[in-house]
Structure formats: C-alpha cells, structure tokens
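Values below: every heavy atom of this structure, side chains too, minus hydrogens, waters and symmetry copies. When a ligand or atom number is given, it counts from 1 through the structure's own listing order.
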Amino acid sequence: MSVRVRMAPSPTGVLHVGTARAALFNWLYARHHGGVFIVRIDDTDLERSTKEYEDEILDSILWLGLDWDEGPRVGGPHGTYRQSDRFDRYREVARSLVESGAAYFDDRSAEELEELRQKAQSEGKHPGHYIRRPDQERTEGAIRLSIPQDGPVVFDDLVRGRVSFEPQDIDDFVILRSDGTPTYHLASTTDDVDYGITHVARGEDLLPSTPKHILLTRAMGHTEPVYAHLPLLFGTDGRKLSKRHGATALSEYREAGFLPEAMFNYLANLGWSLDGETTIFTKEQAIAAFDLANVSKNPAAFDPEKLAWMNGEYIRAMAPERFDELIRPWIEKDLGRELEPDEWDRFGMVSPLVQERTRLLPEAAEQVRFLFADFESYDRASWDKVMTKDGVAGVLDRAIEGLEAVDPWDAVHIEEEMRKLPAELEMGAAKVFQPVRVAVTGTSVSPPLFESMAALGRDRTLERLRRARRELG
Ligand code: GLU
C-alpha cells in the first residue's frame, strides 16, 4: 500500500514553525516512499477561519520548498480538501454511527454537563464516568460516540512506541454538535478515512485525541492509520516555543531574509538527524535518509541563533551570482530606491567580501548602505568608543594626506599606503584603522576597510575623512 500522509492546518492563524516542521516530516516521509503528500484545510471553525490565513499558510509551505500532490490549488480525487465543504458527509457519518449503535444523541444542556463534570471532579472521577451513556432514548441534541468499555485502546506510535489509554479515561465525546456542525474529531477522522491516509504524523499535543480517533475509525468499520506523535518545539530555555522566544511564524523568518533552504535544513534537523553528525545536508539527502521511526521523542529546541548561523553557511556556499541577485532587493529596500548601474558596479568590488561575512541578507544590506548614501550622523556607540580617543585627529590628518596621493585608487594601493601609518604614528593598527572606518562608513561594523574605500571612490572617501576631522574640532 502506498504511503499517503497529510498536513491539516487550521486557517485560523499564520503558519507556526512547529506546524511547518510537522509538514516537513510528512513531506519527507512521502517523498522517501514515493507516496502522496496531501494538504487539507481544517476549517470547521467557520468563525475564525479565513481565506487570507489559508493563503498565508499555503504560500509559506511553498516557500519552504514543500509541494503537495493533492489539496487546495492542485485538486485531486477528493474534492476541495476543505472541511467546510464536507459538512454533509460528516453528518452522514454521524447518523450512520447512531444507526449502528456506536454513537447516540444526547440532549443534555451545557449547564447539565458542566454540573456532571464538577460532580466527577469533586469525587475524583473522570468526567466520562457521568457523561457517557444517557439513561434514556433520545433523538435530538449532540451526537456522542459511545466508548467501548471492553479494554484499553492500544497502538504502536512510530515515535513513542506502545501507547495505551484506558477506556474510563476517554469520555463519550461529541462528534456532531446539536447545531449540526462536526467537531474536529469527527471531521479529521472522516477525512483521514476517506482520503486513505496511511500515516498520521502530528504534534504531540494531539496525543490525547488519538484514542478518540482510533475508536471513531474502528466504529466506521476501518483500521486506523499508523500514528507518529512528534515532540513539540521548545525555546532555548526549555519552555514551549511561544512569542516570548521571538518570531514563531514561518513568514516572519521569510520576511527577515532567511533562505528557504536554510530553514528547510534547520527544521529537518529538529528532532531528526541525517546520520547523527552531519548538520548541513541537502533536500535529496534528507529524502533518501528520512524515516519517521528515527524521529527523537525528546523535545527539540528551536534556536534562532543556530538558524542564523546555518543561514550564513548557505549564503557562503552559494554562487556569487545568486548572492548578488538575492542581496540587491534588500539593498534597494534599505535605501528606499533602486541602485544606479555604476553603484551596482561599485557594490561588485565588495560583494565577495560581504557574502563571506553575511548571516542575514538585511544585515548585510545595512552594512553596505554607506556606499550609496551619505549618512546624516555617525553611529553613536561607534563614535563614542572610537573617535573620542587620543590621537584620532592626527590619524585622520595623516590618512587624508597619504590617500590624496594614492594612485591608482584601488584596494591594493590604498592598503599599501594605510599600512605605513601605524609605524609612523607609533600606534596599534586597530587604533589607526578603526577611526578611519568610522569616518568613512559611519560605524565600526563594515565590510573590510580597504575594499570599502576603493568601492566608495577617492572623492567621497576623502570628503568623509575631512568631515570627520571637522567634527573632531
Ligand atoms: N487542524 C489540526 C491542527 O492544526 C490538525 C491536527 C491533525 O493533524 O490531526 O492542529
């Protein structure tokens, strides 16, 4: 039987990195087995679901490099793959379960149920103890699944191993509300059955729902899929990943200039490992090696710092042409205008050096801003740290004098001249070059100095050195 797996996002918010990682594992599993990866939209919550969120989620997983074989936008043999289009089907399933005796109508009010819950709680009993099995025949109200009491629900989870739930710990849960809307349990299970899902790999937070889904599947006359409950993502402080840790939406990383291939690699490496040591690997390598059975059951830490490091690795490894193509829009965005052809040529003089040092594209764009725009003021911290030291005025005077004579104006000759200064002024190299850097670029963080000055051009370099000299008084 060929593998059929799915990702089932609820379009009630943007795509969370944890959900993206679960989607990625499903996709890898499908691709490894030559199976089918399905996206279905869990939009039973009609109030909170929106088309905008659906698009955001789909665009985000496409950006990550995941494609799907059946689902919205691509179609497939099962209609729209949207739960909101299948309410009739869920009602039909619920009614047939009533007919077969597996489910029953329950017209107790919410207040009555709450009372029963509290009664159970005060007696230290599971709510199911009172909620299940109404004492009379009913034909209206919500439909509940009747939980068989003849033994535990046992299954072999690919990640967690054997899992067992006692029937008294599972309440007779609602599958169809009295207003005729399906619950998540009914819609999800019906879809998994109808779409022929063979493996359900999803977040561990859904583990308590799984015995319900298994019983429902069996009541429908089917065999349940294989389950794999993936450990949740944690922040570096060991707490469940949340806004508190920074960005949790995949699109925030996209907007912050992360590369999809770095994100893919990083997420694939959370709770799964290629061979126990290789951290940087291609999609093809991951597909070839991936198995749900090798996913760790320990929580995985999502560390934006490591992700940024990995992003830098990918930037360094890419062809220079691709780097130029990727960085250009970030530079233009930072400047608020397009680059002129001669400016682009000048950027080419520092581009390889920038590529080598970049972790994030927007950071790099900021660091080359000095090439294309005069800064209004100096970076405050850089100025205070560097320009207030003794001897800075002398350094600038001597640099101006020496640089005026440099010919031709290129990095080699600039460097040759500048290297004379420390000995002549009897100062350390950093003491000489840092003030020049702040004067020329406005900050103490910039691409390598001599290439930066070469790219900036003689006139602008000298102009800026003189300006800084004036500011010193
Ligand atoms: N819509 C559910 C969620 O977003 C899907 C859970 C499942 O995979 O069954 O959590």
- For ligand 1, indicate whether the residue R6 contacts it via side chain, backbone, both or neither (heavy-atom separation under 4.0 Å). side chain
- Would you kindly check if the NZ (Lys) or CZ (Arg) of R328 is within the cone defined by 45 degrees around the ring axis of W344 and under 6.0 Å from the six-membered ring centre? yes
- Message: Counting only heavy atoms closer than 4.0 Å, does ligand 1 sit against the backbone of S10, its side chain, both, or neither?
- Response: both
- Item | Contact (N/O only, under 3.5 Å) between R202 and ligand 1 | yes
- Measure across F165 and F155 and return the closest heavy-atom pair with its distance rounded to 0.1 Å. CE1-CE2, 4.0 Å
- Note on the structure: Short version for L206: what comes under 4.0 Å of ligand 1, heavy atoms counted, is side chain
- Task: Give the residue and atom name of whichever protein heavy atom lies nearest to atom 5 (C) of ligand 1, and the separation in Å to one decimal.
- Result: A8 O, 3.2 Å
- Of all heavy-atom pairs linking R202 and S188, the shortest is NH1-OG, 4.4 Å
- Task: Answer yes or no: is there a side-chain heavy-atom contact under 4.5 Å between D291 and H32?
- Result: no
- Message: Under 4.0 Å from a heavy atom of D42: which atoms of ligand 1 are those, numbered in the order shown and with their elements?
- Response: 1 (N), 2 (C), 5 (C)
- Identified salt bridge (charged side-chain N to carboxylate O under 4.0 Å, His left out) counterpart of D69 within the set R31, R40, R4: R31
- Message: If the cut-off is 4.0 Å to any non-hydrogen atom of S188, which atoms of ligand 1 fall inside it?
- Response: 9 (O)
- Examine K240 relative to F234 and say whether NZ or CZ is less than 6.0 Å from the centre of the six-membered ring and inside a 45° cone about the ring axis. no
